[in-house]
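A short worksheet on the structure shown next.
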Amino acid sequence: MTEAVLLVGGKGTRLQPLTINTPKPMVPAAGVPFLAHQLARARAAGVRHVVLATCYLADVFEPYFGDGSAHGLRLTYVTEDEPLGTGGAIRAATPALEAGPGDPVLVFNGDILTGLDVRQLLHRHEQAQADVTLHLTRVADPRAFGLVPTGPDGRVTAFTEKPQRPEEIVTDQVNAGCYVFRREVIDTIPAGRPVSVERETFPGLLAGGALLHGVVDGAYWLDLGRPASFIQASADLVRGIVHSPAVPGEPGEYLVLPGARVERGARLGGGTVVGAGAHVEAGAEIDGSVVLDGARIGAGARVRASMIGTGARVGTRTVLDGAVVGDHSTVGADNELRDGARIWCGTAIPDAAIRYSAV
């Protein structure tokens, strides 16, 4: 039996205000918490036991997912009292694992959407007889990621975390946030203190002569660290650009959840999601956006590439383009917010108060 550890303890600071009331993996994407897509992906790869390494707002996960049986999995919850970093969280999860010393353990970062063939990654790990196998992807601008150059045989030769100087950028291959560990390697990570797997564990293993194997894969890959990426991921899931068995509907230009109300004359497209109990009034146009449960979009409003929080209100004729409106906020009529504008939870903006806002 293949086991997995899912790292879902981060605060998601870059995603605020989406994560003020909700941990990042529980923010809805394509109609369900993003974590549901990752669990479905793990199950499709043959995983039957997943350890969720939680910390921030940890009590939200179990009431939703329970023991995992509804998702074809067995879930175990491990909670850090204080954040332990990626390596520390992996180490803290080990008491819940049942794998033997030489068995493979999958580890997923909780904020990556990918079309990676996980079974193939496991196969490549076994072929290479590696201590750790890393999924790598190529990006145009690698400065925000960890660089991982490899030799002709796939052996990892170095790690450079978030390079800034031109001479540090020796490859476009970056750490894609999915790993296969030999179980006994996880046991060598120091326990009870913060550890970065990227800055400490992997470089330390490499220096000690361990075999770290990199698998470069060109499948869909998106880091959901920022609101624009999260919104794009939801739209891509709805449209079927990347497949997930957890999407509650067939691929299409929009997804309207049960209990939502979309008035005649409203237009939806671009992978838009309208959550349960939400109301879209006549003449509103919503493109490539997420409207969460109980939100209301006024008549004639235009919403593009934006996220509207739970219970939020968007007034008539208001324009949102690349904006985030926090839970239970109100943006009055005839406002215009663009280019990364974020409205904090519970905020009320009067009518015609903002004609343009950029962050």
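Given the structure is predicted, the values throughout are model-derived calculations rather than measurements. Nothing fancy with the numbering, it's 1 onward along the sequence.
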*asked:* Please say yes or no: joined through hydrophobic side-chain contacts below 4.5 Å, possibly via intermediate residues, are Ile349 and Val303 part of one cluster?
replied: yes
*Under a 4.5 Å cut-off applied to non-hydrogen side-chain atoms, are Leu6 and Phe61 in contact?*
no
*List the atom of Ala295, the atom of Gly309, and the distance in Å for their closest heavy-atom pair.*
CB-O, 3.6 Å
*Could Arg302 and Glu285 be called an ion pair, given the rule that one side-chain N must be under 4.0 Å from one carboxylate O?*
no
*Hey, mind stepping through Glu336 and Asp321 against side chain to side chain contact (heavy atoms under 4.5 Å, CB included) and telling me if it holds?*
CA-CA 8 Å; Glu336 182 179 351; Asp321 193 334; over 6 Å; no
*Nearest 0.5 Å, what's the CG-CG distance between Asp103 and Leu97?*
10.5 Å
*Do side-chain atoms of Gln173 reach the backbone of Val148 as a donor and acceptor pair under 3.5 angstrom?*
yes
*Kindly give the heavy-atom pair with the smallest separation between Val280 and Ala266, and that separation in Å.*
CG1-CB, 3.8 Å
*Determine yes or no for a side-chain-to-main-chain donor-acceptor pair under 3.5 angstrom, with Asn335 supplying the side chain and Ile354 the backbone.*
yes
*Are Glu263 and His279 linked by a side-chain donor-acceptor pair shorter than 3.5 Å?*
yes
_Side-chain heavy atoms of Leu113 within contact of Phe34, under 4.5 Å_ = yes
*Does a side-chain heavy-atom distance below 4.5 Å link Leu222 with Leu224?*
yes
*So, the side chain of Arg342 versus the backbone of Gln16: is there a donor-acceptor pair under 3.5 Å, distance only?*
yes
*Among Thr157, Val216, Leu147, whose side-chain contact (heavy atoms from CB on, under 4.5 Å) with Thr171 holds?*
Leu147
*asked:* Quick one, Cys178 and Leu121 - any side-chain contact, counting heavy atoms below 4.5 Å?
replied: yes
*Will you find, in the side chains of Thr79 and Thr54, an N or O donor that is under 3.5 Å from an N or O acceptor?*
yes
*side chain to side chain donor-acceptor pair (under 3.5 Å) with Asn109: which residues, sequence neighbours excluded?*
none
*Value rounded to 0.5 Å, distance of CD1 in Ile112 from OG in Ser229*: 9.5 Å
*Is there a path from Leu35 to Val238 through hydrophobic residues (I, L, V, M, F, W, Y) whose side chains come within less than 4.5 Å of each other?*
no
*asked:* Contact between Tyr254 and Ile286 at the side-chain level, heavy atoms closer than 4.5 Å - yes or no?
replied: no
*Answer yes or no: is there a donor N or O on one side and an acceptor on the other, between the side chain of Thr86 and the main chain of Val197, under 3.5 Å?*
yes
*Does Val324 offer a backbone N or O that forms a donor-acceptor pair with the side chain of Ser306 under 3.5 Å?*
no
_Criterion side chain to side chain contact (heavy atoms under 4.5 Å, CB included) on Arg91 and Val195, from CA distance to verdict_ = CA-CA 9 Å; Arg91 181 66 175 86; Val195 180; over 6 Å; no
*Donor-acceptor pair, side chain of Arg182 and main chain of Ala130, under 3.5 angstrom*: yes
*asked:* I'd like to know if Leu268 and Ile297 are part of one continuous hydrophobic network [Ile/Leu/Val/Met/Phe/Trp/Tyr, side-chain heavy atoms within less than 4.5 Å].
replied: yes
_Residues in ring-ring contact (aromatic ring centres under 6.0 Å, His included) contact with His71, at least two apart in sequence or another chain_ = Phe65
*Counting only N and O atoms by type, is there a donor-acceptor contact under 3.5 Å from the side chain of His37 to the main-chain atoms of Ala29?*
yes
*Applying side chain to side chain contact (heavy atoms under 4.5 Å, CB included), run through Arg41 and Thr114 and close with a yes or a no.*
CA-CA 9 Å; Arg41 172 185 167 215; Thr114 176; 3.0 Å; yes
*Common cluster, Tyr179/Phe159, ILVMFWY with side-chain heavy-atom separation under 4.5 Å*: yes
*Leu106 and Leu134: same hydrophobic cluster, using ILVMFWY side-chain contacts below 4.5 Å?*
no
*Arg226, CZ atom: more than 12 neighbouring heavy atoms under 6.0 Å*: no
*Taking the side chain as C-beta and beyond, is there a heavy-atom pair between Ile308 and Ser289 under 4.5 Å?*
no
*Do His213 and Arg155 have side chains that get closer than 4.5 Å, going by heavy atoms?*
no
*Run the side chain to side chain contact (heavy atoms under 4.5 Å, CB included) check on Leu39 and Leu75 step by step: do they pass?*
CA-CA 10 Å; Leu39 292 176; Leu75 298 181; 4.0 Å; yes
_Asp217 and Thr137, any side-chain heavy atoms less than 4.5 Å apart_ = no
*What is the minimum heavy-atom distance between Phe181 and Val185, and which atoms define it?*
CD2-CG1, 4.0 Å
_Could you measure the distance from the CG atom of Leu116 to the NE2 atom of His135? Nearest 0.5 Å is fine._
4.5 Å
_Restricting to non-hydrogen atoms, name the atom on Lys24 and the atom on Asp111 that form the minimum distance, rounded to 0.1 Å._
NZ-OD2, 3.0 Å
*Minimum heavy-atom separation for Thr318 to Asp334, with atom names?*
OG1-N, 3.2 Å
*asked:* Give me the atom names and distance for the closest heavy-atom approach of Phe202 to Leu212.
replied: O-CD2, 3.9 Å
*Mark yes or no for whether Asp131, through its side chain, and Leu211, through its backbone, hold a donor-acceptor pair below 3.5 Å.*
yes
*From Thr272 atom OG1 to Ile231 atom CD1, the distance as rounded to the nearest 0.5 Å*: 10.5 Å
_Just checking Asp141: does its CG atom have more than 12 heavy atoms from other residues, nucleotides or ligands closer to it than 6.0 angstrom?_
yes
*Give a yes or no on whether the backbone of Thr310 and the side-chain of Asp327 come within a donor-acceptor separation of less than 3.5 Å.*
yes
*Measure the spacing between CG of Leu7 and CG of Leu84 and express it to the nearest 0.5 Å.*
11.0 Å
*Going from CG on Leu52 to CD on Gln38, what distance comes out if it is rounded to the nearest 0.5 angstrom?*
9.5 Å
*Arg261 (side chain) donor-acceptor with Gly259 (main chain) under 3.5 angstrom*: no
*Sequence neighbours left out, what passes salt bridge (charged side-chain N to carboxylate O under 4.0 Å, His left out) with Glu126? Give chain and number order.*
none
